[in-house]
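Some notes on the structure that comes next.
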Amino acid sequence: MSLLEIDNVTLRFGGLVAVDAVSLTVNEGEVFALVGPNGAGKSTIFNMISRFYDPAEGSIRFDGHDLLQSTADQVPGFGIARTFQNIELFEQASVLQNLLVGRHRHRKTGLLSNIVFSPNAYREEVRHREAVEEVIDFLNLQAYRDKMIGGLPYGVRKVVELGRALASEPKLLLLDEPASGLSVEETQDMAFWIEDIQTQMGISVMMVEHDMGLVSAVSGRVMALSDGKELATGTAAEVQSHPAVIEAYLGTGEISKTGTSRA
Amino acid sequence: MRFVFKTSYDTDIRLFKHRAQATWYALLLLLVLATPLYFVAIGDAYLLGEITGVLILAIAGMGLMLLTGHTGLPSLGHATFMALGCYLNINFLGAGVPWLIAFPLSGLIAGVLGTMIALPVLRLHGVYLALATLAMSILTGDFVVIAEPWTGGIAGAAVPDINIFGIEINRYSTPYKFYYLVLFVAILLVWFYRNLLRTPTGRSFTAIRDSEISARAMGINLTRTKATSFFLSATAAGLAGALFGHSAGYVTNETFDLVMSITLLLMIVIGGLGFIHGAFFGAIVVGIIPVAIANGRSFLATTFDVNINVPGLESALFALILVGFILFEPMGLYGRWLKIRTYFELFPFYRKDMFKRQKSYLKTDRVQ
Ligand SMILES: Nc1ncnc2c1ncn2[C@@H]1O[C@H](COP(=O)(O)OP(=O)(O)OP(=O)(O)O)[C@@H](O)[C@H]1O
Ligand SMILES: [Mg+2]
């Protein structure tokens, strides 16, 4: 069953065609990876799914909803959560508060009941905290629970951002370069988490990643993009040995089977 | 050093983190409740009136703090909402509406009108929003003149006394009752404010302040959430305006001027942006400066026979203090206090950079 269907989508920035007639589907329960050199249009595809950008042509459907009819703030309500390439956390808040914002789509109480802190608001708060606490345990964030984001190391921020997305209990998780800037050990943790997210939580994952080691380890299907166009789709090994992909990466030296992380 | 062991979710949800903190706030409550006793003892309530004025400023400050400190939207027009609340209150009371209805209603209508005025400009960012509200503030005096039948225009309007179930309250004839009334409103609003911050609504405000793009990606509707914040903020300012009217006794087109709007903004910056305490600390500073200057003047005059009569000295001093804060203590008075407290709590483990904001991860302008 396909969860996300992107059909023939094109997006231009002025004269630049950032995404050129791309079609893809993400199936329920799979980990789908997007790879490609810098500027290929990978993040732009994410930003169209998130409805930050409007495609000029094409359609994007998710779980029975026409995403192009929705606004950015409605997208999480359908069950899509994401992380950003350049970590976008709420800097002046604690880890706990960041994760709680991830629960926003599940809020049931309104302004009035919040202001007077009604019994309903209290019960809802406890429920949110239970859910967030599970995420904290899953990602081993206990030590950072009450720390302000501003003082956290880069690697931890990446995990917190993943946690915030998980806290919303999505059906589809969009990860934009989850391993960039991480150490080898941290990248390994990330790989385990992504596997658990897929197998234990039953969440489908679509990720952009340069680290081919991570990509081959966790993803089922891989799509390679370059200059906004699809080059090849298949297993990680198939895509890596595809002539068009090799040519696109020629000289950039980025695609590698060893999979040491890019700094 | 104190360790707070968390044994249940309530530890984070409760109003107070630990018993010692609750005790401190209980003591503070006792102190503010007992303050009038001192003035009864000395038989002069003049200073109590000043303290009441500080509380009223703090109420307006809380309104602005919610908008600027917690939602990240600057406003240079909050005196306008105070004016709305004040004149609505005067007119309701004049029409025979009981104070207990007139007062909250004035606040709410000020909130609704404020939101309606703000909606078109809420799409603006940072400096543009500041400019739009600044323009609003500049126009307020003129509108008061135009709306003469309701405002008394340049001649001004007298503010009727408060009457709650037959109890007459007037700033001068019953200063103690007025103090307790204002104190009650202030404490009630603090409680509302705290509740907001520990529930989804308040978290959506701070989310918008810290990252609009992330807030949207988490399902927060920017326009609706900003409008909610504006509504609450203008309502608090409206309530403060109504109380301000009662405190002043008489208001004219010059009462709620641009200087007042700017003072409110300076107040919350000096107090500490993003903390409820900041509204109170700021109000105390704003309340103390004129008194301190007057005392300083008379001290110089009597002991050294020096007469300083520089016009605008107050504003200059105020500006100087503000610049000082922005340069040396951007977290405001409350931030300074937090640092001192942490120093003692962690003694001897305090590090100098503990409160430093990390700026090493630059964001590019484009959405990633
Ligand atoms: N907001 C924007 N305005 C103009 N051009 C943009 C914008 N966002 C992206 N682009 C351009 O569109 C192209 C695709 O960018 P995108 O961010 O999707 O690349 P990417 O595949 O994510 O690359 P990277 O691996 O560097 O993250 C690039 O040429 C980029 O410069
Ligand atoms: Mg990218």
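Throughout, a chain's letter reflects where its sequence line sits, starting with A, and its residues are numbered from 1. These figures come from a predicted structure and were not determined experimentally.
Within the model, atoms CD of A/Q92 and CG of B/D210 stand 5.0 Å from one another, a figure rounded to the nearest 0.5 Å. Between the CG atom in A/N114 and the CZ atom in B/F192 there is a gap of 12.5 Å [rounded to 0.5 Å].
Contact of the B/P200 side chain with the A/K108 side chain is not registered, since no non-hydrogen atoms from C-beta on lie closer than 4.5 Å. A heavy-atom distance below 4.5 Å is not found between the side chains of A/S168 and B/M218. Inter-residue side-chain proximity for B/S211 and A/E91 is flagged as unmet; no heavy-atom pair is nearer than 4.5 Å. Side-chain contact between B/S204 and A/V101 is absent, with no heavy atoms from C-beta onward closer than 4.5 Å.
Looking at A/V75, there are no atoms closer than 4.5 Å to chain B (heavy atoms on both sides), in backbone or side chain. For chain B, the nearby parts of A/A72 are the backbone and the side chain; heavy atoms of each come within less than 4.5 Å.
For A/D227, the CG atom is loosely surrounded, since the number of other residues' heavy atoms within 6.0 Å does not exceed 12. Other residues, nucleotides and ligands contribute over 12 non-hydrogen atoms within 6.0 Å of the CZ atom of A/F32.
Ranking B/L222, B/I220, B/L196 against chain A, the residue ahead of the rest is B/I220, based on heavy-atom pairs under 4.5 Å. Of the residues considered (A/D73, A/N98, A/T71), A/D73 shows the highest number of contacts with chain B, using heavy-atom pairs under 4.5 Å.
Heavy-atom minimum distance, B/W191 versus A/V116: CH2-O, 3.3 Å. Nearest approach of A/P76 to B/A217, heavy atoms of both residues: CG-O, 3.1 Å.
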side-chain contact (heavy atoms from CB on, under 4.5 Å) between B/R203 and A/H128, intermediate numbers included: CA-CA 13 Å; B/R203 284 197 294 266; A/H128 287 333; 4.2 Å; yes
With side-chain contact (heavy atoms from CB on, under 4.5 Å) as the test, would you mind laying out the steps for B/S214 and A/R164 before giving the verdict? CA-CA 10 Å; B/S214 252; A/R164 186 180 62 182; 2.9 Å; yes
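Considering B/N195, B/T201, B/T199, B/L232 in turn, B/L232 is the only one that fulfils the side-chain contact (heavy atoms from CB on, under 4.5 Å) rule with A/I115.
A cation-pi contact, defined as under 6.0 Å to the ring centre and within 45° of the axis, is absent between B/R209 and A/F90.
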